[in-house]
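Note sheet for the following structure.
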There are 2 protein chains.
Amino acid sequence: MKKTTPIPARTIERMVLYKRLLIDLKSKGVHTLFSHQLAALAHNTSTQVRRDLMEIGHSGSPRKGYDVTELISNISGILDGSKERIIALVGVGNLGRAILSYFTYSHPGLTIAAAFDTDENKVDRVISGCRCFHMSQFESKISEMNINLGIITVPAAQAQYVADRMVAAEIRGILNFAPVPLKVPGGVFVDRIDIASSLEKLAYFADLS
Amino acid sequence: MKKTTPIPARTIERMVLYKRLLIDLKSKGVHTLFSHQLAALAHNTSTQVRRDLMEIGHSGSPRKGYDVTELISNISGILDGSKERIIALVGVGNLGRAILSYFTYSHPGLTIAAAFDTDENKVDRVISGCRCFHMSQFESKISEMNINLGIITVPAAQAQYVADRMVAAEIRGILNFAPVPLKVPGGVFVDRIDIASSLEKLAYFADLS
DNA sequence: AACTATATGTGATATATTTCACAACATGGA
DNA sequence: TCCATGTTGTGAAATATATCACATATAGTT
């Protein structure tokens, strides 16, 4: 079996953060730390940290705290699934290019293997270190390269169409930057990053305080 | 008084979505709709929609549903605060430029009034329709232009420094694209968009299904 | 004018998530 | 060796969020 208890979504989000913070600490020579120290870095409480670590079954020592290396490896064991994550990006506009260039400095274990667009000026070129193909080759490249995650950076009007093709190509996770909710069958996970929405939310909560 | 009951954060997020969907519907000539129709578009349930609208005190008619125009105006009344939202963006790299160009087609009520960087090649130029200033002019421009929201698109190492200057310049809301949590005093609202984290989360949830 | 069918609005309930509070426990020092 | 200290791990309580279930309302029909 893969996992015994379903780990809460929020916990997973924090886990990603913990992992990055811990890797950073390790590179600075920190070998051990307490829940309240990690909490200070992650900007939450020590109870939350301990509860999260409990979720993944990690334990530390009451007086020494947590072993950084061991904790990183435990968290990675949870986050890094069984199969490799290989990503396709569709829509090589400004945002698409920005994301490509951001990931050129190969993020740990996350590789954008191919980009797709319908604009002939972009097709068959290497853009920010990533080869750009025409959408007509989408299905064949996805299966050829074993791609299982997708990023959508096309305009809203085309987002659902692209999502449908991703689903048909057996992509299991989609990160959607278009400002529309996508309809996908169960078993496909979608996350949306909506910059305009975030700004509106920001404006709302910045007002009160 | 501004608001009587604190509206749940999640409700606000959905409200932003509703508003956009409704504006789109209105432009297509839809005058009235039922909660289950909005729910279908927003990808949630009719109960959720009704509960959300209850939150802002909007009511409809059992047989006609909700009046689109009236609903848009009610939601806007909640979301659009008293003062105008004027935004500064710091860090004119790939991501920063992508965001600038995205907002050039002036999103409703959200204007990026100025961009800032320390790179002399970018300073004093107009980039994607937005004037770019040197960071040394940050404080003066913020107050001169009445900017109250900030977007951080600098590398992780400088993010906290930029946030500190934003806070000092009395910016009340910060949208942070750098992969580090920011420490800010109470009263300042921070939201983080972390693309790498989102991909990791995606990878995790795409695995199970 | 009364009836019917279909939505709304919302108290009550269920679920998810966070926080509290404290017993159990290691470690360094007396 | 035993104690004092400060941390872990976690049941229980609190809070936040979503869903259920149904009484209430209203427009069209007869």
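Numbers restart at 1 for each chain; the letters A, B, ... are given by sequence-line order, proteins then strands.
Following rounding to the nearest Å, Met15(B) (CE) and dT17(D) (P) show an atom-to-atom distance of 13 Å. The distance from atom NE2 of His36(A) to atom P of dG9(D) is 13 Å, rounded to the nearest whole Å. Protein atom CD of Gln37(A) is 12 Å distant from nucleotide atom C1' of dG6(D), rounded to whole Å. Between the CD atom of Glu55(B) and the P atom of dA18(D) there is a distance of 10 Å, rounded to whole Å. Atom P of nucleotide dA12(D) and atom CE of Met54(A) are separated by 12 Å, given to the nearest angstrom. Atom CD1 of Ile7(B) and atom P of dT17(D) are 12 Å apart (whole Å). Across the protein-nucleic acid pair, Arg14(B) atom CZ and dA16(D) atom P stand 15 Å apart, rounded to whole Å. The distance between atom CG of Leu71(A) and atom P of dG9(D), rounded to the nearest whole Å, is 10 Å.
At least one donor-acceptor pair closer than 3.5 Å links the side chain of Gln160(A) to the backbone N or O of Lys183(A). Of the possible donor and acceptor atoms, one in the side chain of Arg172(B) sits under 3.5 Å from a partner among the backbone N and O of Gly187(B). Checking side-chain atoms of Arg14(A) against main-chain N and O of Gln48(A) turns up no donor-acceptor pair under 3.5 Å. Formation of a donor-acceptor pair under 3.5 Å by the Asp117(A) side chain with backbone atoms of Val92(A) is found in this model.
Just one of Asp52(B), Leu21(B), Val68(B), Asn44(B) meets the side chain to side chain contact (heavy atoms under 4.5 Å, CB included) condition when paired with Leu38(B); it is Leu21(B).
In the 5' to 3' direction, nucleotides of DNA chain C lying under 4.0 Å from heavy atoms of chain A begin and end at dT17(C) to dT27(C).
Atom NE2 of His36(B) has more than 12 heavy atoms from other residues, nucleotides or ligands within 6.0 Å. Crowding of Gln137(B) atom CD: a count of heavy atoms from other residues, nucleotides or ligands under 6.0 Å exceeding 12. Heavy atoms from other residues, nucleotides or ligands lying under 6.0 Å from CD of Glu84(B) number 12 at most.
In this structure, Thr11(A) reaches neither bases nor backbone, as no heavy-atom distance under 4.0 Å exists between it and the strands shown. Ser35(B) comes within 4.0 angstrom of the backbone, heavy atoms only, and of no base.
Note: Met166(B) CE to Phe138(B) CZ = 4.5 Å, rounded to the nearest 0.5 Å. With rounding to the nearest 0.5 angstrom, the CG atom of Leu95(B) is 5.5 Å from the CD1 atom of Ile195(B).
Within residues 41-53 of chain A, the residues that place at least one heavy atom under 4.0 Å from DNA chain D are, in residue-number order, Arg50(A), Arg51(A).
Among all heavy-atom pairs drawn from Gly96(A) and Thr153(A), the shortest one is CA-OG1, 3.7 Å.
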Starting at the 5' end of nucleotides 24-30 of chain D, put B wherever the base has a protein heavy atom under 4.0 Å, S where only the sugar-phosphate does, and a dash everywhere else.
-> -BBB---
